[in-house]
Protein chains: 2
Amino acid sequence: MSTVLKLTPQKVGRPKGGKDVAAQTQDGTVGKALALLDEVAAYGRPVRFAELLSDSDLPKATLYRLLQTLVSQRMLSLDPDTGFYTMGSRLIRLAHAAWQTATLAPVARPHLDQLSSQLQQTVHLAQLDHGQVLYIDKRNAARPIAMFSDAGKIGPAYCTGVGKAILAFVPADVLDAALKQQSWFRHTEHTHTSAESLRADLKDIRATGISFDREEHEPQIICVAVPILDDLGRPLGAISVTSSTLRHSLDDLAGFAPALKETAEAIARDASAYTIPGASPSGITGA
Amino acid sequence: MSTVLKLTPQKVGRPKGGKDVAAQTQDGTVGKALALLDEVAAYGRPVRFAELLSDSDLPKATLYRLLQTLVSQRMLSLDPDTGFYTMGSRLIRLAHAAWQTATLAPVARPHLDQLSSQLQQTVHLAQLDHGQVLYIDKRNAARPIAMFSDAGKIGPAYCTGVGKAILAFVPADVLDAALKQQSWFRHTEHTHTSAESLRADLKDIRATGISFDREEHEPQIICVAVPILDDLGRPLGAISVTSSTLRHSLDDLAGFAPALKETAEAIARDASAYTIPGASPSGITGA
DNA sequence: AACTAAGTTTCAAATAGTGGAACCTGTGGG
DNA sequence: CCCACAGGTTCCACTATTTGAAACTTAGTT
């Protein structure tokens, strides 16, 4: 079973007797329901009512009713025999719509195919979402196709090629906000562990238009990435080629940069063509 | 732009002055919010407030507040410049969790890889969801044939190989319910257009364990499918090999059946191993 | 049978959602 | 230049919905 990432997905504020402190849970019932959905998602496995009850601070009856509602709406599903809750099918349908209409994926897809088979390398497409990298699509040269497996996955922005490629071109206010949201966890000895260190890197990236992951996230794993910039120079996302030190040097990867840039431009061009002029082409961006 | 499929995906019941007929919108605010989400998803493109207002029967202010909530929750995203709503990024993250924990995909993945490269054909994995086929994964061998399909996509159950493979092994009550939900639209001259006709076909499928799509959904497109059955004989999903009449005959496809069956059994075996004994392995099933 | 953990239902109190109407824009006429 | 108007946004009194302590069922123990 994959490492269960139980990291309190949304810090559901909780001053029990603490009066009305401020905007905590927010957004009424809908907000609570969605927070609960995140909660269930965070388990990464079927969950019992009691588990949710102890982790959440909702009173029993409230939690119960909320779960009922979510199940009835098929956002969750409840195994009647065992009482385990899992994520519901409606999410997958909705996500399909989201993926199709609010991401670069449909536009980028043919270009990624082309690039992947041209370079014979693994290619990623990612966008920035709340200071984190959201992987939208992936093309694996050898073993083709993957969907939500990799699409939908999130990763850190401060220590991935795509993350840095996007951050380098994001407006100052968005960058500031994003930097505050990074964990600065030292994944490897090459990881940037402070905003200053990263900013220096971003400056280079801005100059060259090329971002490298020098084993900053995982040992042995390296990557080149370039941003996808719209006609106003705003980053819509980024694409990357990932490899390992066993197969390529950073210089080798640098050799892929021209092809990446070309592809990124092609995607940007298509994206603007698909969009109502003036509208930002993607729903998913910074903030 | 890809064909906009505007087919009122959920028949949002609508008795305007009709008093309180019965369980319509249901589930309070959460239900309404989710219905709205579906509404937006159905457009398949960015939507304006006014469009939603005229299609929905919510009063202006209510709709407005709901949208605000959903945007604030990142289930929708609103382009501040243009006022267009699109699906939000949170859906993609949630769907990833759903896909990972509530579908057969993670378990089936290696087996599909294996099958796809062994047969050098396009392989699909699907599950039944509310009388419809929900495509969970797809593996496309070498050259992609001209066909659109992706994880998260939904399709009819009564005229697809995977749909019929599952229906053939579903308990009587689920089958009855599912049959009522079919549109019986005559996609091609081979499409089953009535429950009787389909039932006869299902009987054969039950006998042989093999389901064929004989150009029933799209002209030229044919497919063999087999169900994935758990140890109690309940269908967890189905896998299929799809091709076109230009490349294969139905007899050719029949030749793939043994490999398909073997793979389906392997998936079922793994699925039961991954699950708490007694729990149904997948959240997504009939009903 | 007595106890306990886990899940379900009740019900008065209170919060949160409703929606008609007024109020802001920015745009396009006249 | 001023008015009309469509597309959005905000108000606010009215109510339906949500809330959660507590009582109540089941299963599973000891």
Side-chain angles (χ1 to χ4, degrees), chain A residues 12-37 40 46-73 76-86 276-279, chain B residues 14-37 40 43 46-73 75-86 276-279:
Chain A
V12 181
R14 212 85 270 307
K16 222 281 149 80
K19 258 340 185 46
D20 56 308
V21 180
Q24 339 80 311
T25 314
Q26 251 189 20
D27 284 330
T29 321
V30 175
K32 275 172 215 163
L34 294 175
L36 180 53
L37 221 50
V40 175
V47 218
R48 270 259 167 55
F49 176 87
E51 303 185 76
L52 288 168
L53 181 58
S54 62
D55 276 19
S56 154
D57 26 24
L58 298 167
K60 224 199 225 182
T62 303
L63 179 67
Y64 183 72
R65 258 177 297 102
L66 258 185
L67 285 170
Q68 255 190 182
T69 302
L70 287 172
V71 168
S72 135
Q73 291 290 329
L76 289 179
S77 98
L78 168 63
D79 186 308
D81 302 324
T82 61
F84 277 101
Y85 289 91
T86 46
I276 292 95
Chain B
R14 210 68 181 357
K16 219 285 151 74
K19 262 323 180 62
D20 54 308
V21 181
Q24 337 84 310
T25 316
Q26 251 189 20
D27 284 329
T29 320
V30 175
K32 276 173 214 162
L34 293 174
L36 181 53
L37 222 49
V40 175
Y43 278 88
V47 217
R48 269 260 166 58
F49 176 85
E51 302 184 78
L52 289 168
L53 180 59
S54 63
D55 276 19
S56 154
D57 29 24
L58 298 168
K60 225 199 224 184
T62 302
L63 178 66
Y64 184 72
R65 258 177 297 103
L66 258 185
L67 285 171
Q68 256 189 180
T69 302
L70 287 172
V71 168
S72 136
Q73 293 289 327
M75 298 298 280
L76 289 179
S77 97
L78 168 62
D79 186 308
D81 302 323
T82 61
F84 276 100
Y85 290 92
T86 46
I276 293 95

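Proteins come first, then strands; the chains are lettered A, B, ... in the order of their sequence lines, and each starts at number 1.
As rounded to whole Å, 10 Å separates atom C1' of D:dG7 from atom CG of B:Leu53. Counting to the nearest Å, the P atom of C:dA6 and the CG atom of A:Leu52 are 13 Å from each other. Between A:Leu36 atom CG and D:dT18 atom P there is a gap of 15 Å when expressed in whole angstrom units.
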>> Strictly under 4.0 angstrom, non-hydrogen atoms only: write out the protein contact profile of nucleotides 25-30 of chain D, one letter per nucleotide from the 5' end, B, S or -.
In response: ------
>> Each nucleotide in nucleotides 8-18 of chain C should get exactly one letter: B, S or -. Can you fill that in based on protein heavy atoms under 4.0 Å?
In response: BBB------SB
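For A:Leu66, the side-chain contact (heavy atoms from CB on, under 4.5 Å) criterion is met by A:Thr29, A:Lys32, A:Ala33, A:Leu36, A:Leu58, not counting sequence neighbours. Judged as a side-chain contact (heavy atoms from CB on, under 4.5 Å), and not counting sequence neighbours, the contacts of B:Phe49 are B:Leu53, B:Lys60, B:Leu63, B:Tyr64, B:Leu67, B:Tyr85. Residues forming a side chain to side chain donor-acceptor pair (under 3.5 Å) with B:Ser72 (at least two apart in sequence, or on another chain): A:Asp27.
What you find for A:Leu34 and B:Gln73 is that their closest heavy atoms are CD1-CB, 3.6 Å. Closest approach of B:Glu51 to B:Tyr43, counting heavy atoms only: O-OH, 3.6 Å.
Atom CG in B:Leu78 sits 10.5 Å away from atom CZ in B:Arg48 (nearest 0.5 Å).
In this structure, B:Thr86 and B:Asp79 have side chains that are not in contact, with every pair of non-hydrogen atoms separated by 4.5 Å or more.
Bending across the helix from C:dA1-D:dT30 to C:dG30-D:dC1, expressed as the angle between its end axes from five pairs apiece, amounts to 20° (10° rounding).
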